[in-house]
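Note that the structure is a prediction, hence the values are computed from the model and not measured. Along the sequence shown, residues are numbered consecutively beginning with 1.
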Amino acid sequence: MHRSNGERFERSVSADPAGATAGGASDFLQLDMGDAPAGGRADWLARQLRRAIADGRLPVGSKLPATRVLAAELRVSRGVVTEAYRRLGEDGQLAGRGRGGTVVVAAPLPSVGEERPGKAPGAGRAAGVAFGAVPGADVFDALRAAPARIDLSPGVPDLAAFPRAAWLRAERAVLADLPAAGFGYGDPRGTPALRRAVANWLARYRGVRADPDEVLIVSGTAQALGLIAQVFSRDGIGAVAVEDPGSLGVRQHLAHWGVATPPVPVDEEGIRVEALRASGARAVLLTPAHQFPTGVVLGGGRRRELMGWAAEGGLIVEDDYDAEHRYDRAPVPALRSLLPEQVCYAGSVSKLLAPALRVGWLLAPAAYREAFVAAKRFADLGNAVLPQLVLARLMESGELERGLRLLRRRHRRRRDAMIAAIADRLPGATVHGAAAGLHLTVTFGAEAVPGADTELAAAALARGVKVHPLSWHAQRPYRPGLVLGYAARSPGEIAEGVAVIGEVLARRGGGARRR
């Protein structure tokens, strides 16, 4: 919510400074500015509003006082109230409705205080389920369902930034133009419009030159991995080497289809190709533009080594999951642009728009293309047509590019807030992968994290902060650490979440301290 919105909605409510109490308090939510710390009034007010939304005192549809009215009652500058409203607007919890004022439009998972302030109900039980000794197939479902005040899970984009108005305009245009025949069964490869739009997008942003006929539309990267596992298995490829550390979710999807995932170590230049050769695997899955979770970029020397390995008959699966989000480095071309006949390239809009759309794409080497189309056909006859056509309009009209530019600026601010909070609250931590993406990884010395990093993550969840332990994503012993997403949270929430982690670490005898 922008400041101009705040000024518009205020005209609908008349301020009455005479009603302000001498103590800087308000009947609204029984707010008392005397409880706010000096220099942190906007932070305090934002927290009070957030808690009131979470516990139901401000249900969805509730109208907030005008900033001028509330500022007069609390005897603070109007900017304090405007800033607090703005932060909740960025979170997607408030929205300006012009003359209708500022309204609650979304509520997070509820959180209620108990003997330790900030602990969510059932958080201790949820922590036990999510952070067991060995993460099970449903571990991400359990973690998503766990109540938390602040979700710093990686892989979650800013869902509040979804372009609802642009999507609705595109949807109306699609429905106005779509003939009756368009509501029938479509091409299992995807609509020609979206395959063309994806080909154009990849050429502009990832350096990949592909004909639309080479593009297969899938239900996100998850389905792409399932199709890859099935097609490779039928070709006698029963193992796909993976980066270590590397995504636990990817390993789980491949394992579900009976594909082994031998680990290959990653260092500051990316995957170690000599170790890949030693593994004997015929195929490898990589995240070369922004390795998950360490954030390293596959170096030029390693790319040349990898090309040599591929020339000897190796196959590469390139998971290009968040390459469009970069801040402090030059763009890195996709491996597919260099090795079109050795790379299966997978991407999606999950990090560009929203995972709920379940739209992705797969570009396969010519030798495998028909096998992938057949696997997709018998999986579901193809993705739903209407969302494909809407997405194609957004991509071709420039709306998606405009949204990406806005997101980069917002994500940079949130990343900077997380780095600053880590420096302040986790001074013994090392930050990795800050130049791009939607998450940071922090590692600690073994002496700084008594016990496993899963125990640290469980303790943080019990305090209402959700993170991933780094050990989830490593098959071999690795330094303890956490994987922290920043895209979906405001700078204030990020600072609060990292502070909680620091307090938990200090209680456990680690090296964090409050400055």
Side-chain angles (χ1 to χ4, degrees), residues 202 206-210 214-216 218 221 224-247 249-255 257-292 294 296-321 323 332-347 361-373 375 473-476:
L202 295 178
R206 305 300 299 124
V208 174
R209 297 177 62 87
E214 299 175 47
V215 177
L216 176 65
V218 294
T221 302
L225 291 172
L227 299 180
I228 287 167
Q230 294 172 64
V231 170
F232 280 13
S233 294
R234 290 172 190 144
D235 196 38
I237 301 174
V240 175
V242 295
E243 299 162 319
D244 194 42
S247 168
V250 165
R251 298 201 314 270
Q252 289 179 331
H253 278 285
L254 293 175
W257 295 102
V259 173
T261 55
V264 180
V266 171
D267 60 22
E268 64 277 1
E269 291 295 316
I271 194 166
R272 290 168 49 186
V273 181
E274 79 281 0
L276 172 60
R277 275 200 172 88
S279 75
R282 289 175 54 191
V284 62
L285 189 147
L286 302 175
T287 51
H290 185 242
Q291 200 274 332
F292 185 89
T294 68
V296 302
V297 176
L298 188 66
R302 295 287 170 82
R303 286 182 175 236
R304 288 189 290 274
E305 290 182 57
L306 193 63
M307 291 172 70
W309 175 83
E312 297 165 7
L315 281 169
I316 299 167
V317 178
E318 182 174 15
D319 182 0
D320 208 25
Y321 68 104
V332 180
L335 284 176
R336 170 78 188 196
S337 66
L338 305 173
L339 299 166
E341 295 310 316
Q342 284 82 38
V343 173
C344 288
Y345 177 92
W361 41 84
L362 179 65
L363 279 66
Y368 287 96
R369 203 164 293 145
E370 289 305 316
F372 277 111
V373 172
H473 303 288
Q475 297 187 68
R476 300 169 303 119

* Structure fact -> All heavy atoms of D320 vs all of A289, minimum pair found to be OD1-CB, 3.8 Å
* Could you pull out all residues at least two apart from Q475 that satisfy side-chain contact (heavy atoms from CB on, under 4.5 Å)? => V242, D244, R251, T261, P263
* Asked: For the residue pair E269 and R302, what are the closest heavy atoms and their distance?
  -> O-CG, 3.5 Å
* Derivation of the side chain to side chain contact (heavy atoms under 4.5 Å, CB included) call for L363 and L202 -> CA-CA 11 Å; L363 279 66; L202 295 178; 4.0 Å; yes
* Minimum-distance pair of heavy atoms, taken over all atoms of W257 and A229 -> CB-CB, 3.5 Å
* **Partners meeting side-chain contact (heavy atoms from CB on, under 4.5 Å) with T294 (sequence neighbours left out)** => P245, V266, Q291, V296, Y478
* To do: Please check if any side-chain donor atom of Y368 sits under 3.5 Å from a side-chain acceptor atom of D235, or the reverse.
  => yes
* Given R336, which of E341, E318, E214 fulfils the salt bridge (Lys or Arg N to Asp or Glu O under 4.0 Å) condition? -> E214
* For the pair R282 (side chain) and G314 (backbone), establish whether a donor and an acceptor sit closer than 3.5 Å, ignoring hydrogens and angles. => no
* Compare all side-chain heavy atoms of D319 with those of Y345 and state whether any distance is below 4.5 angstrom. => no
* Asked: Could you go step by step and tell me if L285 and L225 meet the side chain to side chain contact (heavy atoms under 4.5 Å, CB included) rule?
  -> CA-CA 10 Å; L285 189 147; L225 291 172; 3.5 Å; yes
* Nearest heavy atoms of L335 and L306, plus distance in Å -> CD1-CD2, 3.8 Å
* In Å and rounded to the nearest 0.5 Å, what is the CG to CG distance from L227 to L216? -> 7.0 Å
* **S337 (side chain) donor-acceptor with A334 (main chain) under 3.5 angstrom** => yes
* Atom pair CG/SG of L315 and C344 - distance to nearest 0.5 Å -> 6.5 Å
* Asked: With distance as the sole test, does T221 use its side chain to make a donor-acceptor pair with the main-chain N or O of A224 at under 3.5 Å?
  -> no
* With distance as the sole test, does E243 use its side chain to make a donor-acceptor pair with the main-chain N or O of V264 at under 3.5 Å? -> no
* Which pair of non-hydrogen atoms, one from A364 and one from F372, has the smallest distance, and what is that distance? -> CB-CD1, 3.4 Å
* For P265 and R476, which heavy atoms make the closest approach, and how far apart are they? -> CB-NH2, 3.2 Å
* To do: Walk me through it: do I271 and V284 pass the test side chain to side chain contact (heavy atoms under 4.5 Å, CB included)?
  => CA-CA 10 Å; I271 194 166; V284 62; 3.8 Å; yes
* Asked: Are T287 and Y321 close enough that some pair of their side-chain heavy atoms sits under 4.5 Å apart?
  -> yes
* Asked: Looking at side-chain heavy atoms only, is the closest gap between F232 and V259 below 4.5 Å?
  -> no
